[in-house]
Amino acid sequence: MPVKLKGAAAVAALSTALAACGGGTGGGGVVADASGPADSGTPTTAPAAGSIAWGPCTDIKRPGGQTPAQGEPAPECGKLKVPLDYTKPDGESVEIALIRLKATGPGERIGSLVFNFGGPGASGVDTLAQAGKVFGTLNARYDLVSFDPRGVERSSGVRCGGTAVMDKFTSMNTPSVTAAERSETVRTTQEFVTACRQTSGKLLPHVGTVNAARDMDRIRAALGDARLHYFGISYGTQLGAVYATQFPKNVGRFVLDAPLDPSITLEQRAIAQTKGFQQAYRAFLKDCVSEPGQCEIGSDVDVANKNIDQLLDDLRTDPLRVGDRVLTQGLAGTAVSAALYSKLTWPLLDQALGQAMKQRDGRILLALADNYNGRQPDGSYTTLMSSFPAISCVDTAERPTRAEVTQTETRTVKISPLFGGSGMGGICSMWPVPGSDEARRIDASGSAPIVVIGGSGDPATPYEWAPKLTEQLKTGVLVRYKGEGHGAYLSGDACVKKAADDYLLSGKVPAADTTCPSS
């Protein structure tokens with residue numbers, strides 16, 4: 001096993017792998033009542049080029065709230081105005097916040113490479129500032145560009161109440177095991193949804209992947225690129241697929257890593273992700289006990305699993321006090337899920353669980369949960385946990401009944417008592433604005449080839465989704481990564497990196513069904 005990372009250092013190391021569940025600071029929602037349907041149809045005019053005034057970045061923060069170290073070259077930040085409602089292109093506008101790392105050379109500059117790191121709801125501005133060095137090879141010939149999509153952080157971020165509402169919502173015990181817990185879950189979720197409507201109601205109908213794709217085409221035009229070169233991770237793969245469906249002739253070199261399958265239902269997604277996290281959890285347990293005497297949580301897989309179950313059961317009724325806060329079963333479960341996103345943090349998870357079991361010290365578990373939830377040291381939250389449901393629920397017309405939500409929870413708990421739950425169905429069933437299925441229909445016929453990379457050990461976006469998205473695109477080329485973690489490129493695997501870099505830098509399309517062993 002690798003050397004164990006300590007507390008804050010390991011949490012910071014997790015930030016890139018948790019881009020799908022990370023965030024930043026800044027921004028604020030538009031305050032008004034929610035009304036009207038989500039945007040549908042196509043824009044009434046062709047995208048306008050607009051302009052971006054670039055300048056120094058002044059408000060970037062790491063997940064723990066620290067100011068990032070100065071890099072070379074220093075990033076630039078800017079904003080681009082886009083219509084709030086694309087059916088009214090001359091009406092009210094919102095500003096999309098962007099970040100750019102200019103090409104460093106050597107070699108001829110290709111253009112801009114736009115990133116979306118996941119979520120939905122992760123701040124592209126903060127994540128690129130933190131993770132730019134990971135993409136240094138690409139930065140030689142591309143300006144690396146990312147943005148906070150509409151509804152996220154600096155781009156009129158959706159907010160759902162203050163610290164009290166968010167603390168209550170993120171610390172709920174899951175899944176509910178008693179009638180009292182189920183009732184409390186419904187009440188807490190309704191309070192959260194009501195706060196979203198009250199704080200960000202005017203914006204809620206206009207977030208979503210279809211509008212984000214339209215924004216991205218305006219970004220392309222403002223950057224001066226005839227075609228969009230794009231790298232999407234996790235939810236970023238759905239955004240890229242929707243863009244390619246809407247603007248196939250504008251597709252340049254696309255890499256979609258850790259893909260979603262947009263076509264599936266909320267229940268199908270919950271079931272697949274429950275299986276994915278359970279698979280990653282078992283891999284973590286086996287890895288932990290592989291060296292005798294080195295695993296804090298148990299001597300073999302069965303003992304370790306029972307010890308974790310017992311800890312979580314105890315936390316349901318007896319949360320651990322951590323300073324002026326408490327570590328609930330729900331927060332501890334979130335911490336376990338968070339640490340499974342990257343194999344690099346498996347040793348930290350063992351350490352965190354061991355301290356909670358043996359010393360009743362929940363500090364590392366709470367830090368992992370806070371990082372995942374976007375909770376800052378001062379108690380404030382990034383917009384992640386608010387923009388995530390706002391975008392997800394606008395991206396589907398599904399509004400499950402209470403019986404359907406209960407059915408999903410029952411089915412997933414049978415797969416994994418630890419990771420089972422109602423998924424997004426529980427929130428979307430109460431969401432205050434309707435959604436649309438437009439973001440679930442993918443067909444990029446006529447686009448340039450799109451490279452799709454799926455990981456066999458990915459807990460959050462199970463591998464089964466990779467060939468499905470590839471097929472839906474019609475122009476997709478599949479690469480399989482046989483390794484652990486969320487995001488194959490982020491694993492550092494040399495084969496994956498070569499496949500992606502060769503396409504982005506030289507246009508070399510990987511051979512069909514390329515398989516990359518874990519290096």
Side-chain angles (χ1 to χ4, degrees), residues 19-39 59 79 82-86 92-98 116-127 147-170 188-216 235-236 238-239 372-376 380-396 399 424 426-436 439:
C21 299
T25 59
V30 181
V31 181
D33 287 334
S35 61
D39 289 349
D59 64 346
K79 291 192 175 182
V82 298
L84 172 66
D85 182 346
Y86 272 96
E92 189 173 353
S93 64
V94 292
E95 288 186 322
I96 303 300
L98 298 106
N116 180 283
F117 296 98
S123 167
V125 173
D126 288 311
T127 305
F147 63 106
D148 290 355
R150 58 171 60 211
V152 177
E153 291 305 325
R154 304 159 182 82
S155 300
S156 297
V158 171
R159 296 194 179 274
C160 298
T163 299
V165 171
M166 294 301 301
D167 277 350
K168 187 176 180 182
F169 178 69
T170 57
T188 299
T189 304
Q190 186 60 67
E191 289 172 5
F192 171 83
V193 170
T194 298
C196 295
R197 180 186 61 79
Q198 291 173 341
T199 308
S200 300
K202 185 177 182 179
L203 184 65
L204 294 183
H206 305 292
V207 299
T209 303
V210 171
N211 279 336
R214 293 168 179 163
D215 295 342
M216 203 154 62
Y235 162 76
Q238 182 176 1
L239 176 57
Y372 189 98
N373 290 329
R375 192 184 196 276
Q376 304 298 294
S380 65
Y381 280 79
T382 71
T383 65
L384 174 62
M385 296 305 289
S386 299
S387 52
F388 183 97
I391 296 169
S392 298
C393 293
V394 166
D395 276 356
T396 178
R399 294 295 182 264
M424 288 304 302
I427 298 178
C428 291
S429 66
M430 305 178 192
W431 202 246
V433 299
S436 165

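Applying the side-chain contact (heavy atoms from CB on, under 4.5 Å) test to E95 and every residue at least two apart in sequence or in another chain returns K79, K81. Under the side chain to side chain donor-acceptor pair (under 3.5 Å) criterion, S93 pairs with no residue, sequence neighbours left out. Considering only residues two or more places apart in sequence or on other chains, Q190 meets the side chain to side chain donor-acceptor pair (under 3.5 Å) condition with T194. Every residue meeting the ring pair (Phe, Tyr, Trp, His ring centres under 6.0 Å) condition with F169, not counting sequence neighbours, appears here in chain and number order: F192. Looking at residues two or more places apart in sequence or on another chain, you find a side chain to side chain donor-acceptor pair (under 3.5 Å) between T170 and Y381. With sequence neighbours excluded, the residues that form a side chain to side chain donor-acceptor pair (under 3.5 Å) with T209 are Y235, D395.
Between R399 and C393, the shortest heavy-atom contact is NH2-O, 2.9 Å. Smallest separation of non-hydrogen atoms from G121 and S387: CA-OG, 3.4 Å. In terms of heavy-atom proximity, F147 sits nearest to I96 at CD1-CG2, 3.9 Å. A pairwise comparison of heavy atoms in A122 and V152 identifies O-CG1, 3.7 Å as the closest pair. Residues L384 and P120 share a closest heavy-atom pair of CD1-O, 4.1 Å. When all heavy atoms of T383 and G157 are compared, the closest pair comes out as CG2-CA, 3.9 Å.
Taking 4.5 Å as the limit, some side-chain heavy atom of V207 sits within range of a side-chain heavy atom of I391. Taking the side chain as every heavy atom from C-beta outward, T163 and R375 approach each other to under 4.5 Å. N211 is not listed as a side-chain neighbour of L84, based on a closest heavy-atom distance of 4.5 Å or more. Side-chain contact between V394 and L204 is absent, with no heavy atoms from C-beta onward closer than 4.5 Å. Put simply, the side chain of V94 does not reach to within 4.5 Å of the side chain of S155, judged on heavy atoms. A heavy-atom distance below 4.5 Å is not found between the side chains of S436 and V210.
Within the model, atoms CZ of R214 and CZ of R150 stand 8.5 Å from one another, a figure rounded to the nearest 0.5 Å. Q376 contributes atom CD, which lies 5.0 Å from atom OG of S380 (distance to the nearest 0.5 angstrom). S392 contributes atom OG, which lies 9.0 Å from atom CH2 of W431 (distance to the nearest 0.5 angstrom). Rounding to the nearest 0.5 Å places CZ of R154 at 4.5 Å from OG of S123. Note that the CE atom of M166 and the CE atom of M385 stand 6.0 Å from one another [nearest 0.5 Å]. Once rounded to the nearest 0.5 Å, the distance linking OG1 of T382 with CG of D148 reads 10.0 Å.
A donor-acceptor distance shorter than 3.5 angstrom exists from the side chain of S200 to the backbone of R159, with no hydrogens or angles considered. A donor-acceptor contact shorter than 3.5 Å links the side chain of S429 to the backbone of G426.
Using a cut-off of 4.0 Å between Lys/Arg side-chain N and Asp/Glu carboxylate O, K202 and D85 are scored as not salt-bridged.
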Just do the side-chain contact (heavy atoms from CB on, under 4.5 Å) check on T189 and M430 with the steps written out, would you? CA-CA 8 Å; T189 304; M430 305 178 192; 3.7 Å; yes

